[in-house]
Amino acid sequence: MRLWGVAHAVDDLYQGLVPASVPYFVLDRHYSYVAAAGLTLAATLGSSVPQPFLGVLVDRVRWDWLAGAGVALAGLGLGLSGLVHGYALVWTLVLLSGLGVAMFHPAAGKSAREAAGDSAGAMGIFAAGGSVGFFLAPVLATPALASLGVGATALFIPPAVLVAFLLHRNRHRHRALARAAQARTGADRWGPFLVLTGVEVIRSTVFFGVNTFVELYWLRQLHASRAMAGTALACFLGGGVLGTLLGGRIADRIGLVRTVQLGAVLSIPMLVGLRFLPGTIAPLLFAGLAGVALNIPFAVLVKLGQDYLPTRPGTAAGVTLGLAVSIGGLIAPLFGLLAESHGPQGVLAVLCLIPVASLALGAFLTDPQESTAA
């Protein structure tokens, strides 16, 4: 599980590096804002559209090399994008990097579940890796790109190559775990799975919304320094890592469905505190708490999705780890229209209300074990 957690962190690092590097393409290559947005779109399309289809493929054919190849492609695509010239070639490399991310998630999600068994805490280690990757991306990319220019993307190729090598070297061990794991049987329950997908779309929409506008809120509304604004984002993303780990532990104690519902309940007051408390210090605390609350259900949703589709764990992972998260990222830019008229504070105010929909959907989730027993 440690290896899968590290691999997930490195893989999702490249998702986070795209928005972190886009401003430097604007500065160094003089790209327009439309061209810059096109790079983000390329990464999102590459990572979101193929994942459900790759999940179906992973459930039918066991390709032990797919996760490692995905990490390698994600790193090479993003790393080389800063070295080449010509917008079409840069766009294509970013698209291929997104495709690498898409290749990783279904295969890794299936193998990680085989290693984790029925432990939500163990799956929390795997899911937390993705949160760590998102957290590290701006932390590592900003100083490198600011000092060396956009060509510094090449510095991020070695982690992908190393992780791909480790996954390839351990592929026989993964096969042994797969044979040792009992075959999961039972009917696939698409109704609850679609409800769960809706919950994840809502969660990721709020997460990407806060991630996009929290720094602007500190700068424009709270009139804080850039350092304080960066600290707010770090608190939010760091809270996400902690929340992902906590969610798995909590689920092992109170159950999967209750943990998903708990995350929805807690996220509302945390977002309200982030938006409406005065000063800069108290909202900083609630930025971290909001990250914790929003990510408590993350690992649980991945495991619960695989429980709802016991014969299709790759498909479930492709949707919960990939498609649903990416849809949230695609919806988030719509908040830019709201920010144009009401500022980032207006966006954060609206985000306080959206988890109510997640709470309502969560009421329709059922425990897979109870349903099987019934």
Side-chain angles (χ1 to χ4, degrees), residues 4 7-19 40-78 92-114 123 126-127 129-131 133-134 160 163-164 167 188 190 193-205 207-208 244 297-299 301-309 311-332:
W4 284 119
H8 197 187
V10 172
D11 182 77
D12 281 14
L13 172 71
Y14 300 108
Q15 278 190 301
L17 285 175
V18 173
T40 303
L41 178 63
T44 304
L45 288 176
S47 63
S48 61
V49 175
Q51 287 209 46
F53 303 102
L54 288 169
V56 173
L57 184 62
V58 165
D59 286 328
R60 294 184 178 181
V61 182
R62 186 169 189 91
W63 284 347
D64 297 312
W65 53 267
L66 191 62
V71 175
L73 182 59
L76 288 170
L78 190 284
T92 301
L93 285 170
V94 173
L95 178 71
L96 289 175
S97 179
L99 177 60
V101 172
M103 291 166 58
F104 173 83
H105 279 140
K110 180 179 180 180
S111 296
R113 178 60 191 272
E114 291 168 349
M123 280 301 290
F126 169 69
S131 300
F134 273 107
V163 167
L167 291 178
D188 293 329
W190 288 99
F193 181 76
L194 291 176
V195 173
L196 177 145
T197 302
V199 172
E200 174 57 20
V201 168
I202 294 168
R203 187 204 70 82
S204 64
T205 297
F207 181 84
F208 278 105
T244 304
F298 183 37
L301 288 168
V302 177
K303 183 179 184 300
L304 187 57
Q306 292 176 325
D307 287 343
Y308 284 144
L309 303 183
T311 68
R312 302 173 184 268
T315 301
V319 173
T320 54
L321 283 171
L323 181 63
V325 173
S326 297
I327 290 175
L330 291 172
I331 293 174

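Below, each value reflects all heavy atoms present in this structure, side chains not excepted, and no hydrogens, waters or symmetry copies.
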*Inter-residue atom distance T315.OG1 - L57.CG, 0.5 Å rounding*: 9.5 Å

_When you measure from the side chain of T205 to the backbone of V201, do you find a donor-acceptor pair of N or O atoms at a distance under 3.5 Å?_
yes

*Nearest non-hydrogen partners of A67 and L167, listed with the distance*: C-CD1, 4.1 Å

*Who are the ring-ring contact (aromatic ring centres under 6.0 Å, His included) partners of F207, not counting sequence neighbours?*
F236

*asked:* Could you report the tightest heavy-atom contact between A102 and G46, atom names first, then the distance?
replied: CB-O, 3.5 Å

*Quick one: ring-ring contact (aromatic ring centres under 6.0 Å, His included) partners of Y14, sequence neighbours excluded?*
none

_Contacts of type side chain to side chain contact (heavy atoms under 4.5 Å, CB included), residue L73, not counting sequence neighbours_ = L96, L99, M103

_Keeping E200 on the side-chain end and L196 on the backbone end, is there a donor-acceptor pair under 3.5 Å?_
no

*asked:* Within this structure, what is the CZ-CZ distance for the pair R312 and R60, rounded to the nearest 0.5 Å?
replied: 7.0 Å

*Are the side chains of K303 and F126 in touch, meaning some heavy atoms are under 4.5 Å apart?*
no

*Between CE of M123 and CG of L301, what distance do you get to the nearest 0.5 Å?*
11.0 Å

*asked:* So if I apply the side-chain contact (heavy atoms from CB on, under 4.5 Å) rule between P106 and each of L66, V319, V58, which one comes out positive?
replied: V58

*asked:* Tell me whether Q306 contacts the main-chain N or O of G109 through its side chain, where contact means a donor paired with an acceptor under 3.5 Å.
replied: yes

*asked:* Run L309 and W190 through side chain to side chain contact (heavy atoms under 4.5 Å, CB included) and show every step you take.
replied: CA-CA 7 Å; L309 303 183; W190 288 99; 3.8 Å; yes

_Heavy-atom closest pair, residues G75 and A160_ = CA-CB, 3.6 Å

*Can you see which heavy atom on L45 is nearest to which on P50, and at what distance?*
O-CD, 3.5 Å

*Any side-chain heavy atom of L304 within less than 4.5 Å of one from F193?*
no

*With sequence neighbours excluded, tell me which residues meet side chain to side chain contact (heavy atoms under 4.5 Å, CB included) with A127.*
T244, F298, A299

*asked:* Nearest 0.5 Å, please: how far is NE2 in H8 from OG in S131?
replied: 8.0 Å

_If the condition is side chain to side chain contact (heavy atoms under 4.5 Å, CB included), which residues does A72 pass it with, not counting sequence neighbours?_
A164

_Closest non-hydrogen atom pair, D188 against T311_ = OD2-OG1, 2.6 Å

*So, for W4 and A108, which heavy atoms are closest and what is the spacing to 0.1 Å?*
CZ3-CB, 3.6 Å

*Just how far is it from atom NE2 of H105 to atom CG of L54, taken to the nearest 0.5 Å?*
12.0 Å

*Apply side chain to side chain contact (heavy atoms under 4.5 Å, CB included) to A43 and list each qualifying residue two or more places apart in sequence or on a separate chain.*
V18, V94

